[in-house]
Every structure is written in C-alpha cells, then in structure tokens.
Amino acid sequence: MLKQRIITALILLPIALAGFFLLEGAAFALFIGAVVVLGAWEWARLAGFATQSLRVTYAVVVGLGIYLLYSLPMLAPWVLAVGVLWWIFATFLVLTYPQSSRYWGGLPGSLLIGLLILLPAWQGLVVLKQWPLANWLILAVMALVWVADIGAYFSGKRFGKRKLAPRVSPGKSWEGLIGGLLLSLLMTFVVGIYRGWPSGVFMLALPAAALVVLISVVGDLTESMFKRQSGIKDSSNLLPGHGGVLDRIDSLTAAVPVFAVLLLLAGWGTL
C-alpha cells in the first residue's frame with residue numbers, strides 16, 4: 001500500500017501543480033472542472049446510484065452545471081454564498097448524525113448535496129484565479145488545509161483521547177483538531193511576520209484562518225458521514241493507495257468557497 005501511495009503521488013503531484021499554478025483562464029477552469037466531474041461520479045455512488053450509467057449521467061449533469069456557471073460569471077457571488085450557507089448547515093448535520101440523516105431527503109437530497117459541495121468549490125477556485133496574487137491565494141488555502149491535517153495527525157496520535165465525532169469518524173479527536181488548528185495559526189502568524197502585516201491585518205487573518213481550517217474539517221467529516229451511511233470505505237479506487245478524488249479534496253471543497261468569501265468581505269477581490 002505504501003509503495004502504491006508513493007507511485008501515485010509521484011505521478012499526480014506534477015500534474016496537479018501544473019494544473020493549479022500554470023494554467024490560466026478557460027484552461028484552468030477546465031482542469032478544475034475535470035477534477036470536480038470525477039468527484040461527482042464518485043459522489044453519485046455515495047448518494048446511492050448503483051449503476052455505472054446513472055453515475056456517469058450525474059457526472060455529466062455536474063459538468064453541464066460547471067459550463068453554465070462559466071458562461072454566466074454573474075452567478076459567482078450567489079454560488080459562493082450558497083456554498084457558505086451549505087457548509088453552515090453541514091456542520092449541524094455532522095454534529096447531529098445519525099439523526100440528521102432524515103434531513104438529507106433520500107436519493108434526490110443526497111444528489112442535491114453533491115451539487116452544493118462540488119459547484120461552489122469549483123467556483124471558488126476559478127474566482128481566486130482571477131484575483132491579484134492568484135496562485136499564492138490558492139497555495140494559501142491549500143497550505144492551511146494541509147498543515148492542519150498534518151498537525152491533527154501528529155497531535156491526535158500523541159495526545160488524542162476525546163473523540164471529535166465518534167459516529168462519523170472514530171479516528172478523529174478533539175486533541176487532533178486543536179493541534180491542527182494551532183499549527184495552521186502558527187503558519188499564518190509566521191507568514192504575517194515575514195510579509196510585515198500590520199496589527200489590523202493580523203486581527204483579521206488569524207480568525208479567518210481558524211474559520212477556514214474548522215470548516216475544512218466539516219468538509220472531511222461530511223464525506224465520512226455519507227461514506228458511513230452508505231457503508232463505503234473509499235469514494236472510489238481511482239487513485240491507487242489514496243482512495244478516490246473526493247477522499248483527497250473533501251476538506252478543500254469546504255475550505256475554498258469560505259476562503260473566497262472571506263477575502264471578498266475583506267475587499268481583496270471583486271466579482
């Protein structure tokens with residue numbers, strides 16, 4: 001398994017880096033769209049589509065949704081706003097699972113939830129790519145999520161005792177969450193010192209970073225919740241040793257739209 005993980009990572013890493021940071025405009029939107037469409041194919045399985053044809057149909061629907069959003073950029077603020085509202089509601093669903101499963105609305109509701117997860121994530125990345133320091137912004141949100149994951153893994157392994165959401169993901173602990181959060185805030189603080197942020201920027205950046213990290217955990221737990229409900233371990237086996245696409249981007253699907261909205265509120269970019 002370790003060998004598989006390493007080989008897959010060595011193949012995918014340069015592709016991902018080139019796609020995220022070298023592509024621009026329509027090519028970037030298409031690249032991110034391809035990733036999201038693969039995630040949609042996987043989500044259809046989590047939602048309950050048993051046949052391959054139905055999963056492909058759902059992926060095509062999501063692809064058409066992406067094309068519509070690209071053709072109508074004036075919808076971007078609404079898509080991001082809906083995404084943020086969804087993740088607030090998703091927090092409630094995770095905290096109250098399994099009782100909350102009655103709010104999913106069965107198969108139609110689960111498919112709708114897939115749209116609420118995937119389309120705002122695509123929109124958020126496309127919006128970030130259009131702003132000043134676009135690649136640095138994308139790297140920043142990824143770094144927040146990755147650093148929090150690393151901190152959570154090591155602090156949870158060393159100190160983890162109290163389960164964070166035992167009915168959703170028994171492996172996660174409050175100690176891991178706190179460790180990941182603190183490490184991401186330390187990274188934000190170091191970046192701020194290096195870039196010479198004034199105190200006012202620190203006052204905004206630190207709580208914003210904390211919010212992005214916390215909502216990224218909700219993204220991770222939301223996929224875990226649906227996998228547990230459907231009895232599935234990995235969203236697919238598209239990435240040998242790593243599971244599926246959703247297993248790699250679940251935290252980012254939540255973090256990206258929230259990150260973009262926070263930057264909008266701070267006056268970083270315009271729509």
Side-chain angles (χ1 to χ4, degrees), residues 16-17 19-21 28 32-33 35-36 39 43 76-77 79-95 113-131 133-153 164-165 168-169 172 176-189 191 204-226 235 244-266 268-269:
L17 291 177
F20 275 109
F21 302 119
F28 177 80
I32 301 302
V35 175
V36 168
W43 183 265
V79 174
L80 292 176
V82 168
V84 171
L85 291 175
W86 153 249
W87 287 113
I88 293 172
F89 183 58
T91 304
F92 162 76
L93 295 180
V94 167
L95 292 175
I113 287 172
L115 299 180
L116 295 174
I117 290 173
L118 295 168
L119 293 182
W122 175 87
Q123 187 71 80
L125 284 169
V126 170
V127 165
L128 291 177
K129 193 69 171 181
Q130 299 168 358
W131 289 346
L133 299 178
N135 286 344
W136 288 107
L137 294 178
I138 293 173
L139 181 62
V141 66
M142 289 181 172
L144 280 173
V145 171
W146 293 338
V147 168
D149 281 346
I150 293 170
Y153 174 80
L164 176 62
V168 176
S169 182
K172 288 183 170 55
L177 173 65
I178 294 170
L181 180 60
L182 291 177
L183 188 60
S184 64
L185 290 177
L186 176 61
M187 181 193 72
T188 304
F189 182 80
V191 170
L204 293 174
L206 291 174
L211 181 57
V212 169
V213 167
L214 291 174
I215 209 69
S216 75
V217 176
V218 175
D220 186 344
L221 291 174
T222 298
E223 193 207 355
S224 296
M225 180 174 66
F226 275 84
S235 57
V245 171
L246 281 176
D247 298 324
R248 298 299 94 203
I249 66 170
D250 50 6
S251 298
L252 284 171
T253 58
V256 166
V258 171
F259 184 75
V261 168
L262 289 173
L263 288 176
L264 271 173
L265 294 175
W268 186 275

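Index from 1, following the sequence.
G219 approaches A254 most closely through the heavy-atom pair CA-CB, 3.7 Å. Of all heavy-atom pairs spanning P120 and L80, the tightest one is O-CD2, 3.9 Å. Here the shortest heavy-atom pairing between A134 and K129 reads CB-O, 3.2 Å. Residue L221 comes nearest to S169 through the heavy atom pair CD2-CB, 3.7 Å, listed as atom of the first residue, atom of the second, then distance. The two atoms that bring V145 and S216 nearest to each other are CG2-CB, 3.9 Å, heavy atoms only. Taking each heavy atom of F189 and L206 in turn, the nearest pair found is N-CD2, 4.3 Å.
Atoms OG and CG, on S184 and D149 in that order, are 10.0 Å from each other to the nearest 0.5 Å. Considering CD of Q130 and CG of L137, their distance stands at 12.0 Å, rounded to 0.5 Å. Here the CZ atom belonging to F20 is positioned 6.0 Å from the CG atom belonging to L125, to the nearest 0.5 angstrom. Between the CG atom in D220 and the NZ atom in K172 there is a gap of 3.5 Å [rounded to 0.5 Å]. Separation of atoms CG (L116) and CG (L85) is listed at 10.0 Å; rounding is to 0.5 Å. Distance check: I117 CD1 to W43 CH2 gives 3.5 Å after rounding to the nearest 0.5 Å.
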Check against side-chain contact (heavy atoms from CB on, under 4.5 Å), V94 and T222: CA-CA 6 Å; V94 167; T222 298; 3.7 Å; yes

Derivation of the side-chain contact (heavy atoms from CB on, under 4.5 Å) call for L264 and W131: CA-CA 10 Å; L264 271 173; W131 289 346; 3.5 Å; yes

T91 and I215: CA distance, side-chain angles, deciding distance, side-chain contact (heavy atoms from CB on, under 4.5 Å) verdict: CA-CA 8 Å; T91 304; I215 209 69; 4.0 Å; yes

side-chain contact (heavy atoms from CB on, under 4.5 Å) between L204 and L262, intermediate numbers included: CA-CA 10 Å; L204 293 174; L262 289 173; over 6 Å; no

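Around the OH atom of Y153, the shell of radius 6.0 Å holds no more than 12 heavy atoms that belong to other residues, nucleotides or ligands.
Of the candidates W87, W122, W86, P257 forms a side-chain contact (heavy atoms from CB on, under 4.5 Å) with just one, namely W87.
At a threshold of 4.5 Å between non-hydrogen side-chain atoms, the residues L182 and L186 do not count as touching. At least one side-chain heavy atom of L265 sits under 4.5 Å from a side-chain heavy atom of V261. Residues L118 and L246 form a side-chain contact, since some pair of their non-hydrogen atoms from C-beta on lies under 4.5 Å apart.
Qualifying ring-ring contact (aromatic ring centres under 6.0 Å, His included) partners for F92, counting only residues two or more places apart in sequence or in other chains: F89, Y103. Not a single side-chain hydrogen bond (donor to acceptor under 3.5 Å, both in side chains) links T188 to another residue, sequence neighbours left out.
Under the 3.5 Å distance criterion, the side-chain polar atoms of D247 are matched with a main-chain donor or acceptor of S235.
Listed by first then second residue, pairs satisfying side chain to side chain donor-acceptor pair (under 3.5 Å) with a partner in residues 139-148 number zero, not counting sequence neighbours.
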